[in-house]
Amino acid sequence: MSTLSVEMLAAAPAQPITSAGHAQLGIAVLVGIATIVLLITRLKLHAFLALTIGSLVLGAAAGAPLDKGIASFTAGLGSTVAGVGVLIALGAILGKLLADSGGADQIVDTILAKAGTRAMPWAMVLIAGIIGLPLFFEVGIVLLIPVVLLVAKRGNHSLMRIGIPALAGLSVMHGLVPPHPGPLAAIDAIHADLGVTLALGVLVAVPTAVIAGPLFSKVAARWVDIAPPEKLIPQRPSEELQRRPSFAVTVGTVMLPVILMLAKALVDVVVDDPRNHVQRVTDVVGSPLIALLAAVLVGLVTLGRAAGFGRDRLAATVEKSLVPIAGILLIVGAGGGFKQTLIDVGVGRMILDISADWSVSALLLAWLIAVGIRLATGSATVATISAAGLVAPLAADMSSSHTALLVLAVGAGSLFFSHVNDAGFWMVKEYFGMNVGQTVKTWSLMETIISVVSLGFVLLLSLVL
């Protein structure tokens with residue numbers, strides 16, 4: 001928490017705020033979120049600017065002095081970027097290496113070569129899950145669309161039977177599994193353990209992807225039966241390469257940070273002794289920064305060098321990977337500023353006071369808040385960051401596993417019913433050659449299934465952990 005936040009909370013009254021205070025803060029939150037929604041949806045303003053303006057409006061509506069509101073926003077932005085900015089950058093570099101070296105295509109081609117007709121939807125969700133670990137959702141779509149269209153065309157498959165599993169695998173990873181920006185920002189805001197969140201996120205993601213992918217695709221294929229649009233089949237990145245990394249090496253490189261972080265989480269549970277040498281080593285190598293940095297350094301050799309990249313090509317790949325994430329970093333940072341403003345004006349205390357009298361679990365409350373922001377803004381990342389800031393106080397007395405589940409509940413809510421205010425909705429519509437109604441019946445419903453099913457698994461885990 002920032003110095004400003006500590007000072008403001010220390011100066012606040014120890015007793016719960018009054019009902020009038022509740023009313024004013026509730027109105028301030030609604031005004032702030034409504035400002036963000038209107039700026040993004042009606043005026044088409046960039047989410048970074050919308051979040052910045054919305055934070056200032058929130059502070060003013062809550063009665064905070066303008067200079068205090070500005071200080072809260074900038075402190076939150078700085079701490080959020082400091083916490084997750086480097087991780088997002090390292091994830092982008094690893095994803096770019098995976099794409100440019102042909103490693104992603106190698107994973108795709110190897111799995112598809114071993115998959116029969118009946119297994120093809122399952123192969124697609126597996127491909128998307130592996131590739132989706134280090135890649136942003138939009139990049140994953142661009143990489144997988146050529147494969148989806150080619151497989152559907154050559155195998156005479158329904159486009160929905162192949163496409164829905166691929167989209168489900170990507171979307172589940174994007175919403176539930178770090179190092180994607182949304183989950184990382186939520187982990188930072190709620191102060192969850194990344195290793196535990198990663199382990200539980202994968203545990204929830206696998207069955208969710210199966211239900212929303214291969215199983216739902218059977219229904220989607222009956223509702224929407226369309227042929228692959230041939231004019232949209234682009235060139236694959238690896239077609240210009242003379243060689244590319246092997247399947248085993250590529251998968252090993254992608255999974256390296258996951259293995260390191262899971263190893264840290266496992267050792268922390270089994271050993272639980274800060275003086276133990278094994279735990280001290282795993283605490284270092286399993287930290288998100290070191291794990292992702294190690295994967296990037298290894299990837300420069302196992303992916304870049306294996307594809308025949310020289311020093312200049314590797315440098316260019318790294319440089320190009322960082323350009324597209326500037327907007328993402330600013331959005332995540334501004335979301336952190338909005339979160340800190342929420343905390344500093346007392347919204348966190350208000351939620352604690354109000355929810356104390358409710359019979360709704362903290363996990364369900366977190367999901368509902370994220371759903372509301374997702375439906376309003378269309379952005380899963382904005383929904384995750386904003387909802388995480390609102391429910392962060394609820395994690396104060398939670399165990400590490402339940403804190404991780406709170407992050408996953410927020411992530412699940414952030415995926416609910418993608419519609420016309422979501423850029424992903426239009427990407428899927430155009431790439432698959434569907435109309436708006438068909439996109440709602442397939443993509444939008446798939447996102448809703450992911451959101452509801454993953455919440456169900458989160459609630460089940462909360463009963464046994």
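In what follows, every heavy atom counts, from backbone to side chain, and hydrogens, waters and symmetry copies are set aside. The shown structure was predicted, so the numbers you read here are calculated from the model rather than taken from an experiment. Residues: numbered from 1 along the sequence shown.
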Mark yes or no for whether [X], through its side chain, and [Y], through its backbone, hold a donor-acceptor pair below 3.5 Å.
X    : Y    : value
T74  : A71  : yes
T448 : F417 : yes
S454 : S451 : yes

Please tabulate, for the side chains in residues 251-263, all donor-acceptor contacts under 3.5 angstrom to protein atoms that are two or more places apart in sequence or on a different chain.
residue : atom : partner : partner atom : Å
T253    : OG1  : V249    : O            : 2.8
T253    : OG1  : T302    : OG1          : 2.8

[X] side chain near [Y] side chain, heavy-atom distance below 4.5 Å:
X    : Y    : result
V318 : K96  : no
F338 : L58  : yes
L184 : L194 : yes
M160 : M434 : yes
V210 : F216 : no
L39  : H46  : no
L38  : L43  : no
I70  : L56  : yes

Between Q340 and S79, is there a side-chain donor-acceptor contact under 3.5 Å, judged purely by atom types and distance?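 No.
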Those residues at least two apart in sequence (or on a different chain) that pass side-chain contact (heavy atoms from CB on, under 4.5 Å) with L322 are A89, I93, I325
Over all atoms of both residues, closest heavy-atom pair of [X] and [Y]:
X    : Y    : answer
G63  : Q24  : N-NE2, 3.8 Å
S418 : S444 : O-OG, 2.5 Å
P165 : A128 : O-CB, 4.4 Å
A64  : V345 : CB-CG1, 4.3 Å

Determine, using ring centers only, whether F416 and W367 are less than 6.0 Å apart.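 For W367 and F416, the ring centres are under 6.0 Å apart.
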Evaluate side-chain contact (heavy atoms from CB on, under 4.5 Å) for H191 paired with T403, printing each intermediate quantity in order. CA-CA 8 Å; H191 304 295; T403 304; 5.8 Å; no
I need the [X] [atom1] to [Y] [atom2] distance, nearest 0.5 Å.
X    : Y    : atom1 : atom2 : value
L45  : I36  : CG    : CD1   : 11.0 Å
L363 : H402 : CG    : NE2   : 7.5 Å
L415 : I450 : CG    : CD1   : 6.0 Å
D344 : F73  : CG    : CZ    : 12.5 Å
I369 : L364 : CD1   : CG    : 10.0 Å
S399 : L405 : OG    : CG    : 8.0 Å

Identify every side-chain donor-acceptor pair in residues 195-205 under 3.5 Å, counting partners at least two apart or on other chains, and give the distances.
residue : atom : partner : partner atom : Å
T197    : OG1  : D193    : O            : 2.7

Only pairs under 3.5 Å count here: list side-chain donor-acceptor contacts from residues 282-292, not counting sequence neighbours, and write none if there are none.
residue : atom : partner : partner atom : Å
T282    : OG1  : V278    : O            : 3.1
T282    : OG1  : Q279    : O            : 3.0
S287    : OG   : V284    : O            : 2.8

Checking salt bridge (charged side-chain N to carboxylate O under 4.0 Å, His left out) for the pair E447/R374: CA distance, chi angles, key distance, verdict? CA-CA 11 Å; E447 286 283 87; R374 159 68 159 180; 3.2 Å; yes
So, applying side-chain contact (heavy atoms from CB on, under 4.5 Å) with V148, which one of I164, I162, I127, L167 is it? I162
Tabulate below the donor-acceptor pairs under 3.5 Å that side-chain atoms of residues 455-465 make, not counting sequence neighbours, or state none.
residue : atom : partner : partner atom : Å
S462    : OG   : L459    : O            : 2.5

Pair up each side-chain donor or acceptor in residues 384-395 with any protein partner under 3.5 Å, not counting sequence neighbours, and list the distances.
residue : atom : partner : partner atom : Å
T384    : OG1  : A380    : O            : 2.8
T384    : OG1  : S414    : OG           : 3.2
S386    : OG   : V382    : O            : 2.9

